[in-house]
Amino acid sequence: MHKIKTFLSVESNQNKIIPFLSVFLGFLIGAIVMIVSGFNPLEAYARLFEGAGLFGNVRRFGETLVLATSLSLTGLAVAFGMRTGLFNIGASGQLLMGGFCAVFIGITLDLPKIIHLPLAVSAAMLAGALWGMIPGLLKARFNVHEVVSSIMMNWIAVWSVYYFVPEFIKGKYDTESATIRNSASLRVDWLTDLFKGSSINLGIFIAIIAAIVVWWILEKTTFGFELKAVGLNKDAAKYAGIHVNRNIVLSMMISGALAGLAGATFYLGFTNNVKIGELPSLGFDGIAVALLGVNTPLGVVLSSLLFGVMNAGKGFMQAATRVPNELVQIIMAVIIFFAAATQLIRLIIKRILRVKNVPIQVTEPVIEEINGGEK
Amino acid sequence: MWDIISSIVPLSLAYTAPLLIIALGGLYSERSGIVNIGLEGLMGVGAFAAAMFTITFQGSLGGATIWIALLVSLIVGMLLSLFHAFASVSMNANQVISGTAINMFSTAITIYMARWLTGSSNVQIKRFFIKTDVPILSDIPIIGDLFFTKVYTTTYVVLAIVIFSWFLLNKTRFGLRLRACGENPHSADSMGVNVSRMRYIGVLISGALAGLGGGIVIMTYAKEFSQLTYNGLGFLALAALIFGKWKPFGILGSSVFFGIAMTVANMSVIIPSLQNIPNIFLNTFPYVVTLLALVLFSNSSIGPKAAGEPYDVSKR
């Protein structure tokens, strides 16, 4: 007990356990909501995890991985922005535009898969990057806050798709596009067979590669170092000779490209068409994923798995226990809330364990510096 | 031509009222120094509360139901905004993240409760505001036809709140203090203003007004709560707030402007002379002009200076 207290009295150690505590509190509040509305939380959670295939159903687990794929890419998009000091709330719009362009190419062109699929995926990436570039440019050139401009871009995306889909790639219903050709689909037979007919697709490799690339950019390149420097202190970065404005634009473009890729995996691998008139919530879920993963690529991948499990299992939970599937969104919202109000969690830690905050040990940063020097 | 105008204006007044009141809510919050992108969520709970209240009491309370329902939506919006206030004022949280959490929570909890309480995610109401003609004024030629026939009473309530807000913010001590907290909280604090309290009040008023806006949506033209209630009205209000330069009458102007754009976009299907205009131009219009406005305003900073930053006494 004493050891725990000493461990938790250091602020940097508190930071390490905050994500876990937020998840715990999220599930706790979810349970309270269920108890209040007359459901059995233990059974619901058991069904949630069963529905996600955690108890051995390979097909269901495949669906979990599919959802985690798109979530990890939007999570990476948001996290990349955050590391460089930008809050990309426009991931939803970038994802939608990217997905739309991918679906458009997937329907209108007729090419062999080896050309068609990469073309559609790159189109998604490019469209996402362009949609992200506009807020970046506005911020760099006119100092317009990226949150406001990306919110506007989100709705411009929604209404553009609302117009373009029925006009150019209308499907069976007015509210959705036609289905993409097989040659543009991310699904491949061997993966589908491996997971017994689930919609798992090549997107999972895109997500893994993207996570590695993001890690490499941020940790191993001068460019990434510059981006992080801009994120930590704009003025200091400028003083050090870093092109702050150029980095803002590039960072938004990379973030947008990641969101566009998420759109490709979602629309080319999961839904196979685009629905109109709604802003996909995936981009906002990406904020939860990024915050929970403390904006590191590995953290994002892990937290996307958690949210993937929750999203994949919610339908099964609703069918088996009648608990409305929105429960999962409630838990995610609570997690975001606690991730925003980290001070609150610190306060809870202090009250429950009666620990006092010890000033951060001075030795820590020094050690890090020495390590950095040796490399 | 007259037919088109006289059918568009009353309809756009109906669309404008909730947009205006939600944007006005955003104004109180941002003027006190707290960015509130949770307007959409606050509107949603207001809408849900009004719908739930109405289906529960529409049999027993009679004609008063609709007014009490609006009051309920106001209170529920205020309650949800308390979380945003707590996080961003007391816990110095990132206001954008907290607002996002409010939006997500609202969409989820309302549909959850709708499914739990009614068994379906759609809540249809049987009692709502009916369009009426204002006596005497509706007989005035032209103006009467445009502004005083077939209108909802709530539109005038909203207008009254806007005028009152202008007075409150610009002509009273309270308004000056609220604005000071958004411009320069440190000097406000040094003059004895309780910054946290003012910011709490700002956020709570914004929650109340956004909730009321949601209530008006349901009790006037929507008549049904569903997932489709979250159609971005809160974000459009944010655009109206910016385009209206963070001023009550500016917001009035921008809301009417956007309201007409929305109505024309919705009606372009049935009006022959508008059918040739692709709806993309009308639908994206409010967002595009807001982006352009932001660019034009960028040299003269007109928004509240301290909005978005937690107040840190030690920086004084």
Side-chain angles (χ1 to χ4, degrees), chain A residues 33-34 36-39 87 89 134-135 138 141-145 147-149 151-164 167 277-279 281 284-285 287-288 291 318 322-347, chain B residues 35 37 41 83-84 86-88 90-117 121 227-228 230-232 235-236 238-239 242 265 278-288 290-291 294-299 301 303 308:
Chain A
V33 169
M34 281 191 274
V36 170
S37 47
F39 298 108
F87 193 94
I89 203 169
I134 296 171
L138 289 179
R141 179 72 184 76
F142 298 104
N143 205 20
V144 173
H145 202 290
V147 168
V148 178
S149 53
I151 288 175
M152 302 303 141
M153 292 306 288
N154 275 346
W155 291 96
I156 295 175
V158 169
W159 291 115
S160 303
V161 170
Y162 183 87
Y163 172 72
F164 286 128
E167 195 73 16
E278 57 179 14
L279 190 59
S281 68
F284 297 104
D285 297 348
I287 297 173
L291 287 173
Q318 181 170 337
R322 301 182 55 79
V323 176
N325 68 54
E326 280 76 19
L327 178 82
V328 165
Q329 288 288 103
I330 296 178
I331 296 174
M332 286 174 83
V334 172
I335 291 175
I336 298 193
F337 185 79
F338 281 114
T342 42
Q343 267 194 24
L344 180 64
I345 297 194
R346 280 182 224 282
L347 220 69
Chain B
V35 167
I37 66 162
F83 287 95
H84 185 51
F86 175 72
S88 31
S90 302
M91 292 295 138
N92 291 345
N94 182 324
Q95 296 162 14
V96 174
I97 299 176
S98 164
T100 309
I102 295 285
N103 282 338
M104 273 181 93
F105 184 74
S106 166
T107 353
I109 195 84
T110 51
I111 306 289
Y112 179 95
M113 287 182 73
R115 281 193 211 276
W116 163 48
L117 293 171
S121 61
Q227 257 144 343
L228 296 177
Y230 294 90
N231 62 353
F235 292 110
L236 189 64
L238 208 62
I242 297 163
N279 61 25
I280 183 172
F281 294 116
L282 294 162
N283 281 325
T284 58
F285 171 76
Y287 306 105
V288 174
T290 303
L291 280 181
L294 279 167
V295 170
L296 288 177
F297 298 164
S298 61
N299 287 329
S301 55

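Only this structure's heavy atoms are used, side chains among them; waters, hydrogens and symmetry mates stay out. Keep in mind that what you see is a predicted model, and the values were worked out from it rather than measured. First the proteins, then the strands, lettered A, B, ... as listed; each starts at 1.
Looking at Leu327(A), both its backbone and its side chain come within 4.5 Å of chain B, counting heavy atoms on both sides. Contact of Leu236(B) with chain A is not made at all, since no heavy-atom distance falls under 4.5 Å. Only the side chain of Leu138(A) comes within less than 4.5 Å of a heavy atom in chain B; its backbone stays farther off. Residue Val158(A): no heavy atom, backbone or side chain, is found under 4.5 Å from chain B. Residue Tyr230(B) does not touch chain A at all, counting heavy-atom pairs closer than 4.5 Å. Heavy-atom distances place both the backbone and the side chain of Leu344(A) under 4.5 Å from chain B. Proximity to chain A involves both the backbone and the side chain of Val288(B), based on heavy atoms less than 4.5 angstrom apart. Only the backbone of Asn231(B) comes within contact range of chain A, with at least one heavy atom under 4.5 Å from a heavy atom of that chain. In this structure, the portion of Ile37(B) lying under 4.5 Å from any heavy atom of chain A is its side chain and not its backbone. Residue Leu347(A) touches chain B through its side chain alone, counting heavy-atom pairs closer than 4.5 Å. Of the atoms belonging to Phe338(A), not a single heavy atom falls under 4.5 Å from chain B.
Of the inter-residue distances, the one linking Thr342(A) atom OG1 with Asn92(B) atom CG reads 9.5 Å to the nearest 0.5 angstrom. Once rounded to the nearest 0.5 Å, the distance linking OG of Ser90(B) with CD of Gln343(A) reads 9.5 Å. Annotation: the span from Ile111(B) atom CD1 to Gln329(A) atom CD amounts to 10.5 Å, rounded to 0.5 Å. Summarising the geometry, atom CE belonging to Met91(B) is positioned 9.0 Å from atom CZ belonging to Phe337(A); distances are rounded to the nearest 0.5 Å. In this structure, OG in Ser160(A) is found 10.0 Å from CZ in Phe281(B), a value given to the nearest 0.5 Å. For the atom pair CG (Asn283(B)) and OH (Tyr162(A)), the distance works out to 6.5 Å, reported to the nearest 0.5 Å.
A heavy-atom distance below 4.5 Å is found between the side chains of Tyr112(B) and Ser37(A). Proximity of Ile336(A) to Phe105(B): side-chain heavy atoms (C-beta onward) are nowhere separated by under 4.5 Å. The shortest distance between side-chain heavy atoms of Leu291(B) and Ile156(A) falls below 4.5 Å. Using a 4.5 Å heavy-atom threshold, the side chains of Gln318(A) and Arg115(B) count as touching.
Using a 30° and 60° split on the angle between ring planes, Phe235(B) and Phe284(A) fall in the parallel class, below 30°.
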Pair Asn154(A), Tyr287(B) - check side-chain contact (heavy atoms from CB on, under 4.5 Å), show working. CA-CA 9 Å; Asn154(A) 275 346; Tyr287(B) 306 105; over 6 Å; no
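Between chain A and the options Met113(B), Met104(B), Gln227(B), heavy-atom pairs under 4.5 Å are most frequent for Met104(B). Contact tally against chain B (heavy-atom pairs below 4.5 Å) for Ser281(A), Ala288(A), Ala341(A), Gly277(A): the top residue is Ala341(A). Most heavy-atom pairs under 4.5 Å with chain B, from the set Phe142(A), Trp155(A), Phe39(A), Phe87(A): that is Trp155(A). Per-residue heavy-atom pair counts under 4.5 Å with chain B were compared for Asn143(A), Val148(A), Val334(A), and the maximum is reached by Val148(A). Of the listed residues (Thr110(B), Ile109(B), Thr107(B)), the one with the most heavy-atom contacts under 4.5 Å to chain A is Ile109(B). The residue among Ala333(A), Ser149(A), Pro324(A) with the most heavy atom pairs within less than 4.5 Å of chain B is Pro324(A).
Taking both residues in full, the closest heavy atoms of Ala340(A) and Ser98(B) are given as CB-N, 3.9 Å, listed atom of the first, atom of the second, then distance.
In this view, Asn94(B) and Val96(B), Ile97(B) satisfy the side-chain contact (heavy atoms from CB on, under 4.5 Å) rule, not counting sequence neighbours.
Remark: Phe83(B) CZ is loosely packed, at most 12 non-hydrogen atoms of other residues, nucleotides or ligands lying under 6.0 Å away.
Between the side chain of Trp159(A) and the main chain of Thr284(B), no donor-acceptor pair closer than 3.5 Å is present.
Among Leu291(A), Ile89(A), Val147(A), the single residue meeting the side-chain contact (heavy atoms from CB on, under 4.5 Å) criterion with Thr100(B) is Ile89(A).
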